[in-house]
Amino acid sequence: LVLLAAALAALGTWQVQRLSWKRDLIARVDQRVHAAPVPAPGQADWDKVNAAEDEYRRVSATGTLANDKETLVYASTALGPGYWVMTPLTLSDGTAILVNRGFVPMDRRDPATRSAGELSGPIEITGLIRMTEPKGSLLQSNDAAADRWYSRDVAAIAEKRGVGAVAPYFIDADATSNPNGLPVGGLTVIHFPNNHLVYAITWYGLAAMAVALLVFILRGEIGRGRRQ
């Protein structure tokens, strides 16, 4: 019981530490999301981009959308089921950044039904850096051969579409309106579950119960010894 109580108390302390880490993460991400946009990392800095320091950072990039190479990724959003429109943005140096231009419903998957939103010429994209999502979703794997996509796997999509030097991240475009309203950007969901305080209280409570049980047993043994 002593060892059990110590182990449970250690788990409680670990959750307190996780609570501090999660609160710091939420604060850092909130600061990034609401900061002024900075230039998207260029090819020289691609190997330095990582989730801890860069995900959800607000950035901007200027280039030309390769609309003929767009990829539709299955999406479930507050607007209902549909697709994310992932389009390469070709930069002036010949490299590309995959851009999630936003959401389109099932019945507008054909680019011909939303041709006004297929922007041409130089355009500035502002949005949030997101990390690549390799292989697929939790329940379904990407099928590049059949062109069925359930996650935004930058490398696989770029290879399928014949995009050369592409950034290892993608950009979720902001809510800037597109002609005729499609695609709908600005739908990034930022949610970090934070149940660590509840977990900490639970572990500490179980530790206290173990100590109480130990005290109860010891008092019983001491009383039995006295009666003998």
Side-chain angles (χ1 to χ4, degrees), residues 40-51 54-57 59-77 79-174 178 182-189:
Q43 188 173 18
D45 297 315
W46 285 353
D47 60 343
K48 302 174 186 175
V49 175
N50 62 83
D54 298 296
E55 188 153 33
Y56 302 110
R57 188 179 303 282
V59 298
S60 63
T62 300
T64 303
L65 291 168
N67 294 304
D68 60 326
K69 296 183 178 181
E70 77 172 29
T71 297
L72 299 178
V73 178
Y74 286 99
S76 178
T77 73
L79 301 179
Y83 306 92
W84 297 124
V85 178
M86 307 295 294
T87 308
L89 180 72
T90 304
L91 309 182
S92 58
D93 63 358
T95 63
I97 300 175
L98 198 61
V99 175
N100 175 15
R101 298 195 59 214
F103 170 84
V104 294
M106 293 284 188
D107 60 351
R108 304 296 289 277
R109 65 169 294 155
D110 186 348
T113 64
R114 45 184 169 83
S115 57
E118 301 285 278
L119 303 177
S120 60
I123 182 175
E124 182 179 50
I125 299 290
T126 299
L128 305 177
I129 285 183
R130 302 296 308 280
M131 297 297 106
T132 184
E133 301 165 348
K135 297 183 180 180
S137 68
L138 181 64
L139 300 177
Q140 294 174 294
S141 298
N142 293 329
D143 186 348
D147 209 20
R148 287 197 293 267
W149 305 91
Y150 303 96
S151 74
R152 294 161 291 190
D153 185 336
V154 171
I157 291 174
E159 181 179 2
K160 177 68 176 180
R161 294 291 178 259
V163 180
V166 63
Y169 58 86
F170 64 92
I171 296 177
D172 266 350
D174 65 12
N178 289 304
L182 292 175
V184 181
L187 297 180
T188 306
V189 175

Scan side-chain atoms only and decide if [X] and [Y] contain a donor-acceptor pair under the 3.5 Å cut-off.
| X | Y | result |
| --- | --- | --- |
| Asp174 | Thr126 | no |
| Asn142 | Ser151 | yes |
| Arg152 | Thr132 | no |

Do the side chain of [X] and the main chain of [Y] share a donor and acceptor less than 3.5 angstrom apart?
| X | Y | result |
| --- | --- | --- |
| Asn50 | Lys48 | yes |
| Tyr169 | Pro41 | yes |
| Asp143 | Ala146 | yes |
| Glu55 | Met131 | yes |

Locate the shortest heavy-atom distance separating [X] from [Y]; write the atom from each residue and the value.
| X | Y | result |
| --- | --- | --- |
| Ala144 | Trp149 | CB-CH2, 3.7 Å |
| Pro183 | Gly102 | CB-C, 3.7 Å |
| Leu89 | Gly63 | CD1-C, 3.5 Å |

When rounded to the nearest 0.5 angstrom, what distance separates [atom1] in [X] from [atom2] in [Y]?
| X | Y | atom1 | atom2 | result |
| --- | --- | --- | --- | --- |
| Arg130 | Asp54 | CZ | CG | 13.0 Å |
| Asp153 | Lys160 | CG | NZ | 13.0 Å |
| Ile97 | Ile171 | CD1 | CD1 | 4.5 Å |
| Ile129 | Thr188 | CD1 | OG1 | 12.0 Å |

Task: From Val99, Leu98, Ile157, residue fulfilling side chain to side chain contact (heavy atoms under 4.5 Å, CB included) relative to Pro88 - done: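 Between Pro88 and the candidates, side chain to side chain contact (heavy atoms under 4.5 Å, CB included) is satisfied uniquely by Leu98.
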Task: Pro105 and its side chain to side chain contact (heavy atoms under 4.5 Å, CB included) partner, picked from Leu182, Leu79, Thr77, Val184 - done: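 The option that passes is Leu182.
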Any side-chain heavy atom of [X] sitting closer than 4.5 Å to one from [Y]?
| X | Y | answer |
| --- | --- | --- |
| Arg161 | Thr71 | yes |
| Met86 | Phe170 | yes |
| Thr95 | Thr90 | no |
| Val59 | Leu128 | no |
| Arg108 | Thr113 | yes |

- [ ] Would you please classify the geometry between the Trp84 ring and the Phe103 ring as parallel, tilted or perpendicular, with 30° and 60° separating the classes?
- [x]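 Judged by the thresholds at 30° and 60°, the geometry between Phe103 and Trp84 is perpendicular.
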Open item on the list: Within 45 degrees of the ring normal and closer than 6.0 Å to the centroid, is that where the cationic atom of Arg109 sits relative to Tyr83?
Closed with: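 Here Arg109 passes the 6.0 Å and 45° test against Tyr83.
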Open item on the list: Strictly below 4.0 Å, N to O, side chains only: are Arg114 and Glu70 in salt-bridge contact?
Closed with: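 A salt bridge is present here (some side-chain N lies under 4.0 Å from a carboxylate O).
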Open item on the list: If the threshold is 4.0 Å, N to carboxylate O, is there a salt bridge linking Arg101 and Asp172?
Closed with: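 Not counted as a salt bridge, because no side-chain N and carboxylate O are separated by less than 4.0 Å.
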Open item on the list: With a 6.0 Å cut-off (strictly less than), is the heavy-atom count around CD of Glu124, excluding the residue itself, greater than 12?
Closed with: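 Count over threshold, so yes.
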